[in-house]
Amino acid sequence: MLDKSFDPKTAEPRLYARWEASGAFSPTEDPSAEPFSVVIPPPNVTGSLHIGHALNNTLQDVLIRFERMRGKAALWLPGTDHAGIATQMVVERQLAAEGNLGRRDMGREAFLERVWAWKAESGGTITRQLRRLGASCDWSRERFTLDEGLSAAVRKVFVTLHKQGLLYRDKRLVNWDPHLQTAISDLEVEQREVDGHFWRFAYPLEDGSGEIVVATTRPETMLGDTAVAVNPKDERYAHLVGKQVRLPIVGRLIPIVADDYADPEKGSGAVKITPAHDFNDFQVGKRHGLEMINILDDFGCISDAAPDAYRGLDRFVARKKVVAEFEALELLRGIDPTRHVVPHGDRSGVVVEPYLTDQWFVDAATLAKPAIAAVEDGRTVLEPAAWSKTYFEWMRNIEPWCVSRQLWWGHRIPAWYGPDGTVFVEESEAEARAAAAAHYGTETPLRQDDDVLDTWFSSGLWPFSTLGWPEETADLKRFYPTHTLVTGFDIIFYWVARMMMLGMHFTGEVPFRRVFFNALVRDASGKKMSKSKGNVMDPLDLIDSYGADALRFTLTAMSGQGRDIKLSTQRIEGYRNFGTKLWNASRFCQVNGCVRVEGFDPASAKGAVNRWIIGETARTAAAVTEAIAGCSFDEAASLLYRFIWNTYCDWYVELSKPVLNGADLDAQAESRATAAWVLDVILKLLHPVMPFLTEELWDQTADLGAARTEPLLISARWPDLSALAPDPAAAAEVGLVIAAIAEGRSVRSELNVPLGARPPLLVVEADAAQSAVLAAYAPVIGQMLRVSEVRVEASAPTGAIPFVVQGATLALPVAEFIDLAAEKARLAKEIAGLAATADQTRRKLDNPDFVARAPEEVVEENRERLAEAEAARERLQAALARLS
RNA sequence: GGACGUGUAGCUCAGCGGUAGAGCACCUCGUUGACAUCGAGGGGGUCACAGGUUCGAUCCCUGUCACGUCCA
């Protein structure tokens, strides 16, 4: 006997262990099985599972379990990302909190040891948590972006791109994070709108003939000014072009140049030019051959290129000092408050500086072309399709990708420098030495590049590097390209685009045929959840409280495409209850001897109720299959919910009770077999979304009735019921019974007929078929509607309460229980509703255009509706008249 | 400033040309041998607004307003 309810706490770990031990997580080795592969978006190795992961991985697991059951060689390849900046920051914070030396004082080797130790300590957390969610990943294939194989792939890609001229070293302005002391990519910069000021400075002309006023939001950068620009069309300044100004504080003579960049409408129309600290000024500087003076150091302090008094000052301290000095010099011409956007590092949160350094860049524009084409021609399909536009927009305007980071945790750049700065890019130090020896003609000491690669460089290789590339492994052959990538749209540029570019370039094929962008789970105010904002939710707590299945069902049901998800525990509770409902339906089956029957053929069932539920089951199976295959996960969840609760539990089980307790043993046997058969189908259909509860029921019903071929549900075959033809006659029959019971209950309830009252149900006006059906179902109608019998009667006795169901008039003689006013009100309400329907429909049919142009079946439908409404109204009106 | 998305019952959201739906919340009734993590019934909506297309618009088109996200 089943317990009263499912106990996730004890069942989940037990079942997960059984699955894993059974080998079900690894793809079948049957060569005839169609491959279906998914690579996990690798979570940060030292991270922990947040609700976004829970959603993302639930959907992947739904897909994988579904395809596995469909007989495919389903591979879900798990792994983790070393997450360069994020992990390094965590460890540095730990060091600081413990009062230890900072990483610079520790030195590279000691620091990395410390990071690896942290990885060893916390690296298992997230994968343990994925197991608790029920993720059926193939753990035997687990990878890590810094493992040996993936590191080799990274080096191979770096060297190859370099030799192809698609990756190069360049001195350019980059976004510099002074807190982390590293370059970051454009994507890692967050533009924040903040309050600031425009300071207007007067620069005196060298010849003493006056001054020119410039405005800036960053006064300290004037220390690096090397020109003032005015628009060539600006007549106010035409006579000044070519003259020089003496830069206050610094004393440097700088030219006034004519450049379109200066906007005559803005401020004074003249702009200061700091080529080393502003992206626009950099371009102006290049056009005019201006000197580029770097006045900052790695920490965002003023460098030795500035006057003594400023050296070593923090940039914001220097800002104040510059303003004060201009004021003292009487060269400050005004301060205007302004709201402007300032770039901030998305990790550190500090203001980033445009900074002139040597970095490695990938020629993204070239790599983007085949990646764009692959989405254009549908080799990779993005869903929801709206994201294609975002993808194209970004890819068609892509800038060189700065891939070097001044960090220590990551893939060290495989570039070695000779004493004269000549660079040797090779996959190993030995090869670099050989190349250097060939270059210099003698063994020459080399120094490896200190920098590491952007984390996204290695994750960009993920779909093929994890399968063994560059080796021609069996996995690579069988599972690449992967089938579906499930990820958040927030990393469409960081990750999806890069995988497309690198995948196309290195394998000649798309990395995945389909990308499904799942919704983003946001906090109550619609903000993206992130650790730095401190607004993350813990799915582990939710699993503890409600079970993994309830959380999974909730996330699946709420995963509507392109929607943000705001999670509520109420909703999870509701789906936990749904699981309990199914559990108890199984319990009902067990109690009533509804067990599998050897050789039961649903197509040959005779009872209408059984034929009806079998048809509904087949319809649901087909719809759920289509929904999951098409990534309409919310649709699948809602189909399952409605079918299991409303159709199977509320109606089928209830309608079957009299048969199960009845004397007709053949009918009873058929109902038992049918109930058990439907339940097995339900367990299979629900398994991808609620794997634990369904597996447990599968297990606990294993010994009941005929043996199953599959001991574990995870490995069972997905139901294909397409051969079962629906039975419209059975559906109509059961539909009438359901409607009669529902309507009758409504009447009883509205008129407050006591529950104990057991009047007969009178069939007053109905066609022969309807009368026969209602009579045949008398036992169940009696039980569900609490009536003594179903009796055909030529006319309703005085005081009987009439109601109309599918054109038939039924009546409940309950006059003694009710008060006339309540019944009059009920009838009046019914009549008004029917009159409204009739009016609306008649207006439609009176419109000749409608009759002429609308499809025949729509017109017919409306005619029927009108006739039915009219007939029902007349009967109820007559009843109302009798009461008065 | 551009792009995209969203405005449907008190809340969270489905529906997206042919009689407005679900869950939760709310109200009434109910421990009848699967289930109170439950059952039965009920109230509650000019489908943001304004035009247009159509026989017919919550659904398609245009505009407006509000909110959100991304990119400048």
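- Between A/K4 and the phosphate of B/U37, there is no side-chain N or O to OP1/OP2 separation shorter than 4.0 Å.
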Checklist outcome for this item: Counting primed atoms, P, OP1 and OP2 as sugar-phosphate and everything else as base, the B/S/- map of nucleotides 15-23 of chain B against protein heavy atoms under 4.0 Å is ---BB---S
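- At least one donor-acceptor pair closer than 3.5 Å links the side chain of A/R552 to the backbone N or O of A/V689.
- Within 4.0 Å (heavy atoms only), A/C589 reaches no atom of the nucleic acid at all.
- OP1 or OP2 of B/C38 lies within a sub-4.0 Å distance of a side-chain N or O belonging to A/N577.
- Side chain of A/R786 to backbone of A/A757: no donor-acceptor contact under 3.5 angstrom is found.
- Take A/S388 and apply the side chain to side chain donor-acceptor pair (under 3.5 Å) test, not counting sequence neighbours, and it matches no residue.
- Between the side chain of A/R596 and the main chain of A/D680, no donor-acceptor pair closer than 3.5 Å is present.
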Checklist entry - Would A/N610 and A/Y652 count as a side-chain hydrogen bond (donor to acceptor under 3.5 Å, both in side chains) if you check the C-alpha gap in whole Å, the side-chain angles of each, and the deciding distance to 0.1 Å? => result CA-CA 8 Å; A/N610 292 333; A/Y652 177 70; 2.7 Å; yes
Identify all pairs in which a protein N or O lies below 3.5 Å from an N or O of nucleotides 39-46 of chain B, and state each distance.
residue: B/G39; atom: OP1; partner: A/K581; partner atom: NZ; Å: 3.3
residue: B/G39; atom: OP1; partner: A/W645; partner atom: NE1; Å: 2.5
residue: B/G41; atom: O2'; partner: A/S749; partner atom: OG; Å: 2.8
residue: B/G42; atom: OP1; partner: A/S746; partner atom: OG; Å: 3.1
residue: B/G43; atom: OP1; partner: A/K829; partner atom: NZ; Å: 3.4

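- The backbone N or O of A/S5 sits nowhere less than 3.5 Å from a side-chain atom of A/R587 that would complete a donor-acceptor pair.
- Side chain to side chain, A/E750 and A/S746 meet the donor-acceptor criterion of an N or O pair below 3.5 Å.
- The distance between atom CD1 of A/I491 and atom P of B/C70, rounded to the nearest whole Å, is 14 Å.
- A donor-acceptor pair under 3.5 Å is formed between the side chain of A/W583 and the backbone N or O of A/D3.
- With distances taken from any side-chain atom of A/D849 to the nucleotides B/A34, B/C55, B/C24, the minimum falls on B/C55.
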